[in-house]
Amino acid sequence: MNPPSWPTAEGRLSGSVDLDGREMLMLSSNDYLGLAGDDRVVAGAHEALDRYGAGIGLNPSIALTRVHRELADELSAFLGCESVLLFNSCSAANGATLQTLADTPDSLILSDEYNHASIVDGCRLARGRTKVYRHDDPDSLQGVVEGVPGTGRKLVITDGVFSMEGSIARLAELRSVADGVGATLIVDESHAVGVVGRTGRGSVEHHEADADTLRTGTFSKAFGAGLGGFLAGPREIVDEVTARGRSFIFTSPMPAATAGAALAALRIIRDDLSRLGHLAENVARFRAGMAETGWDLLDSRGPIVPVMLGDDERAHRVATTLRGLGVFTASFAYPVVPRGSARIRVQLSAAHTDDDIDTAIEAFAQAAQIESNYRS
Ligand SMILES: Cc1ncc(COP(=O)(O)O)c(C=O)c1O
């Protein structure tokens, strides 16, 4: 039997990467702040590894290390919330939160139609019902909730930044509907924390929403730590998930080395806004340059810039052309995105230089030329 094959990366990730022996400009990485290969983050992992060993052999509900404690405490101070619970991924955080908080048949989860797959899975784990509202549409949310009789607990859950759109959820409006029907709002900040908001505190900061809004997130994207997730919010709710969340209790914690990397990254994100500033410059430079190339960009905010191609085959073809030109991008088609809206999702990073951005724009310009020859 053949094992599955994938492009094989060599060396630390930065704005470019060695893939199968070829240096490629990387436009498909979640390493938004360029921290995955940062010496201080790598050193944070090393220190924790040396101190605690490869595994701590403990279930997270029994005990964790001091580095886990520091990470939870400093993240809670950074986000301005009462309490933080660490998970080995954001998928686990979403699962535990939804399963715990919607655990009776009369409870109700209201979920954005574009929410991440791990939220969809969390809804399936819950004993309550799930109703889906139209993407980022508070009126649809209102209509859906009014149509469901029930007296149990209500939750509204949304991505803070939608991974395929790059857009920021309308938290103020969603919050207002949620408050009106007595629902708890939950925001998945996986693509937002470290990246969105004046100081990188996420979509909650961007919208100046209540800092104690219940949020989940990952350490695998802007933090560059590889994996790990969190639930942050009011102590009472976090305690409930700590006591009953199955994907918290019945699985292994993030390793100490990963917590060490995440802690080092958190301190950089908190103390040095220059990466966030450089990322914003890269996004502006890329968008300005792409305007000349004729490609159709979705009007997103931040480092996720979807290049809309419509049909699946075309998206795949353009991504392949770009790879031939030394630029690594990924295309997405149905069912990951709605039918007829296949796209290349460009993800920019603070690790990119001006030259990298110009190279990317030039490659898209060349790909447009090649594509027009293909069609004529
Ligand atoms: C919105 C959102 N939530 C959760 C996740 C999953 O994060 P993790 O890899 O930590 O499980 C992702 C990852 O792509 C995501 O985009």
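Order of listing sets the numbers, starting from 1, for every ligand and every atom in it. Throughout, numbering of the chain's residues begins at 1 and tracks the sequence.
- Of the N and O atoms on the side chains of Ser274 and Asp272, at least one donor lies less than 3.5 Å from an acceptor on the other residue.
- Of all protein heavy atoms, the one lying nearest to atom 11 (O) of ligand 1 is Ser91 OG, 2.7 Å.
- Of all protein heavy atoms, the one closest to atom 8 (P) of ligand 1 is Cys90 N, 3.6 Å.
- Between Leu227 atom CG and Phe87 atom CZ the span is 14.0 Å, to the nearest 0.5 Å.
- Separating the CG atom in Leu348 from the CZ atom in Arg287 is a distance of 9.0 Å, to the nearest 0.5 Å.
- Listed by number with element, the atoms of ligand 1 under 4.0 angstrom from any heavy atom of Asp159 are 1 (C).
- In this structure, Phe364 and Trp295 have perpendicular ring planes: the angle between them is above 60°, well past the 30° mark.
- Ligand 1 does not have Gly229 within reach: every non-hydrogen atom of the residue lies 4.0 Å or more from it.
- Each of the atoms 1 (C), 2 (C), 3 (N), 4 (C), 5 (C), 15 (C) of ligand 1 lies under 4.0 Å from some heavy atom of Ser190.
- Remark: ligand 1 and Lys221 share an N or O pair separated by less than 3.5 Å (distance only, no angle test).
- One distance of note links CG of Asp354 with CG of Asn282; it measures 6.5 Å at 0.5 Å rounding.
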Which donor-acceptor pairs under 3.5 Å do the side chains of residues 330-338 make with protein atoms, sequence neighbours left out?
from	atom 1	to	atom 2	distance (Å)
Tyr334	OH	Arg339	NH2	3.3

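- Considering only non-hydrogen protein atoms, atom 9 (O) of ligand 1 sits nearest to Ser220 OG, 3.9 Å.
- In terms of protein heavy atoms, atom 3 (N) of ligand 1 is closest to Asp188 OD2, 2.6 Å.
- Summary of contacts: the protein heavy atom closest to atom 16 (O) of ligand 1 is His191 NE2, 2.8 Å.
- Heavy atoms of Ser89 found under 4.0 angstrom from ligand 1 belong to the backbone as well as the side chain.
- Residues His135 and Asp112 have side chains that bring a donor and an acceptor to within less than 3.5 angstrom of each other.
- The nearest heavy-atom contact from the protein to atom 5 (C) of ligand 1 is His116 CE1, 3.3 Å.
- Between Met290 atom CE and Leu297 atom CG the span is 5.0 Å, to the nearest 0.5 Å.
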